[in-house]
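Down below is the structure, laid out as C-alpha cells.
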There are 2 protein chains.
Amino acid sequence: MVRYGGQTRILVAIDCIIFGFDGNELKLLLIQRGFEPEKLKWSLMGGFIQPNENLDYAANTILNKLTGLEGVYLEQLQAFSEPNRDPLERTIGVAYFALIDIHKYEIQISHEYQAEWFSLNNIPELIFDHSLMVALAKKQLRYKAALHPILFELLPGKFTLPQLQNLYEGIYETEIDKRNFSRKVLSTKLLIKQPEKDMVNSKKGAYYYKLDMPKYIENFQAFLYFIPNPQALLG
Amino acid sequence: MVRYGGQTRILVAIDCIIFGFDGNELKLLLIQRGFEPEKLKWSLMGGFIQPNENLDYAANTILNKLTGLEGVYLEQLQAFSEPNRDPLERTIGVAYFALIDIHKYEIQISHEYQAEWFSLNNIPELIFDHSLMVALAKKQLRYKAALHPILFELLPGKFTLPQLQNLYEGIYETEIDKRNFSRKVLSTKLLIKQPEKDMVNSKKGAYYYKLDMPKYIENFQAFLYFIPNPQALLG
DNA sequence: TCAAAAGTGTTCGAATTACACCCATGG
DNA sequence: CCATGGGTGTAATTCGAACACTTTTGA
C-alpha cells in the first residue's frame with residue numbers, strides 16, 4: 001500500500017465526559033483507570049479508535065461499554081493535542097460529551113469498570129488533561145443548553161416542571177422565577193402534560209410532562225431561551 | 001520507551017477553511033494540491049501534525065505558510081474521521097476555520113502554492129471530504145457570527161458601516177434595515193468614528209470606523225446580536 | 001391546622017421592528 | 001442638475017422581567 005512518507009503516525013483516543021442529573025445536581029461519571037500509567041487514578045471513560053471506526057462510532061462504543069446505553073446524546077467537543085498530554089506516548093485525545101438519564105444508567109450499569117458519579121463541584125484529581133476536558137465540557141454544556149433544548153436528554157421520560165427548572169438552575173447556578181419559566185417552557189409546545197402527578201417530592205404533587213417527540217426532534221436545532229439573561233451567565 | 005500495545009497509530013492532518021471578504025462577497029482560499037493522490041485537484045490548505053506541535057500551533061504554521069499572516073483568527077472546528085476519507089492511508093483530519101482580511105493576504109501572498117479565492121457559491125469540487133468541511137465551516141461561521149462579534153476579523157483596520165452591513169447581509173443572505181443596523185452596531189460602543197470618509201464606493205462618501213481594540217477584546221466572548229431574527233437564519 | 005411546594009396572571013419597561021426623508025457628491 | 005448611496009429619528013409593537021396569592025396535601 002502506498003503511504004505518506006516521512007510523517008509520524010500517532011494514537012488517537014476518545015475521552016467521554018458523561019453528564020447525569022440525579023434530580024438535584026449535575027454529576028459526572030468517572031472510572032478508575034485499570035491500566036498503567038496512572039492505574040487506579042480517576043479518569044474519563046475512554047479508549048483508542050479502531051481501524052475501521054470513525055470517531056462517533058468509537059465514542060458510542062465506548063459509552064455503551066460503560067453504561068450499556070444506546071442512542072445516547074453524544075457530541076464531539078474538541079481534540080486535545082499537547083505533545084506530552086499522555087506521558088507514555090503521543091496521543092491525540094478527542095473529547096466527547098454525553099448526556100444521559102442517570103436512572104437508566106443505574107439499572108444497566110456495567111461491572112467491568114470501577115465507575116462512580118461525582119458531583120460537579122467535587123471532582124477528584126484526574127489523569128492527564130482530563131480536568132481541562134471537563135472544564136471545557138461544562139462550558140460547552142452551559143453554552144449549548146442556553147440556546148438549544150438539550151437538557152431534556154438528562155431527564156427521564158416523565159418529569160415535572162419543578163425538576164426541569166431545578167436542572168436549569170443547577171447548571172447555571174442561578175434562580176429562575178417559576179412563573180416566567182413555566183410560561184416560557186410551555187409556550188414552546190414541546191411538552192405534553194400527563195394526567196398523573198409526582199407525589200414523591202411534594203405534598204401537593206407536580207404534574208408529569210413528556211416530550212412531544214416529533215416536535216422535539218424538529219426543534220432540536222432551534223433556539224429556545226429558557227433562562228433569563230443568558231449572556232450574563234455564560235462568562 | 002513503553003508504549004500502548006496492540007493499538008493502531010494513524011496520521012493526523014489539519015485542514016484550514018480560510019474565509020476572506022472582498023467587500024462584496026465571502027470567499028474561500030483553496031489550493032491546488034501539489035502531490036499525489038489527487039494532485040492538481042482543488043483542496044483546502046493542510047498538512048500533517050508534527051511530533052512536537054499541538055494542533056493549534058500546527059494550524060497556525062500551515063496558515064502562515066500559505067498566507068504569510070500571523071495572529072489570524074483561527075478556531076478548531078471538528079475532527080473528521082471516516083476510515084476511508086483519505087484513500088491512500090487512514091488519516092484523521094482536524095478542520096480549522098480562519099478569518100482573514102483578504103487585503104492583507106493580497107500583499108503577502110506566498111507563491112509556493114497555487115492558491116485562489118473562490119466565491120462561496122462557486123466552490124469547485126474538492127478532494128476527500130473537504131466539501132463537508134467547508135459546509136460545516138459555513139454553518140459554524142453563521143452560527144458564531146450571529147452571536148459574537150467575529151466578523152470584524154474579515155475587515156481591514158478601517159471600514160465603513162455599509163461595508164460591515166454588506167458583510168452581514170452576504171453571510172446571512174438577507175437584507176437588513178440600515179437604520180436599525182447602524183443603531184445596533186453603534187450602541188455597542190465598539191466602533192470609533194474616524195474623521196475621514198471612504199470616497200471610493202459612493203459619491204457622498206461613508207465615514208470610516210475603527211474597532212476600539214480594548215473593548216473589542218473584552219467583548220469577544222460577549223453576545224452581540226447584529227442581525228434581526230438570528231434563529232430564523234440559522235437552519 | 002399548619003407547613004411546604006405547586007400552580008397561575010398582570011403590569012411595566014426595554015428592545016425590536018417598521019418605516020421615509022434629507023444630504024453630499026461626482027458625473 | 002440629477003442620480004446614487006449615506007446618514008438619521010420616531011412610533012408601534014413585542015418580549016422579557018418583576019412580582020403575590022391561592023391551592024393541595026401530608027404530617
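Because only heavy atoms are used, hydrogens play no part in the values below, and waters and symmetry mates are left out as well, while side chains stay in. Numbers restart at 1 for each chain; the letters A, B, ... are given by sequence-line order, proteins then strands.
Residue pairs meeting the ring-ring contact (aromatic ring centres under 6.0 Å, His included) criterion with at least one partner in residues 56-79 of chain B, sequence neighbours excluded, are Tyr73(B)-Phe220(B). For residues 181-195 of chain A, there are no salt bridge (Lys or Arg N to Asp or Glu O under 4.0 Å) pairs, not counting sequence neighbours. Sorted by first and then second residue, the pairs that involve residues 158-168 of chain A and meet salt bridge (Lys or Arg N to Asp or Glu O under 4.0 Å), not counting sequence neighbours, are Lys158(A)-Glu196(A). Residue pairs meeting the salt bridge (Lys or Arg N to Asp or Glu O under 4.0 Å) criterion with at least one member in residues 202-230 of chain A, sequence neighbours excluded, do not occur.
A parallel orientation is assigned to the rings of Tyr168(A) and Tyr172(A), their planes being inclined by less than 30° (bins at 30° and 60°).
Every residue two or more places apart in sequence or in another chain that forms a salt bridge (Lys or Arg N to Asp or Glu O under 4.0 Å) with Glu75(A) is listed here: Lys144(A). Residues satisfying the side-chain hydrogen bond (donor to acceptor under 3.5 Å, both in side chains) test with Asn166(A), not counting sequence neighbours, are none. Among residues two or more places apart in sequence or in another chain, the salt bridge (Lys or Arg N to Asp or Glu O under 4.0 Å) test is passed with Arg179(A) by Asp177(A). Qualifying salt bridge (Lys or Arg N to Asp or Glu O under 4.0 Å) partners for Arg85(A), counting only residues two or more places apart in sequence or in other chains: Asp15(A), Asp129(A). Every residue was checked against the side-chain hydrogen bond (donor to acceptor under 3.5 Å, both in side chains) condition with Asn60(B), not counting sequence neighbours, and none meets it.
Between the C1' atom of dA17(D) and the CD1 atom of Ile176(A) lies a distance of 13 Å, rounded to the nearest Å. One atom, CZ of Phe181(B), and another, P of dT8(D), lie 14 Å apart when rounded to the nearest Å. For the pair Tyr208(B) OH and dG7(D) P, the computed distance is 12 Å after rounding to whole Å.
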When you compare the protein's N or O atoms with those of nucleotides 10-16 of chain D, which come within less than 3.5 Å of each other, and at what distance?
unit_1  : atom_1 : unit_2    : atom_2 : d
dT10(D) : O4     : Arg183(B) : NH2    : 3.2

Restricting both atoms to N or O, compile the protein contacts to nucleotides 21-27 of chain D shorter than 3.5 Å, with distance only.
unit_1  : atom_1 : unit_2    : atom_2 : d
dT23(D) : O2     : Lys204(A) : NZ     : 3.0

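With a cutoff of under 4.0 Å to any heavy atom of chain B, the contacted region of DNA chain C is bounded 5' to 3' by dT17(C) to dG26(C).
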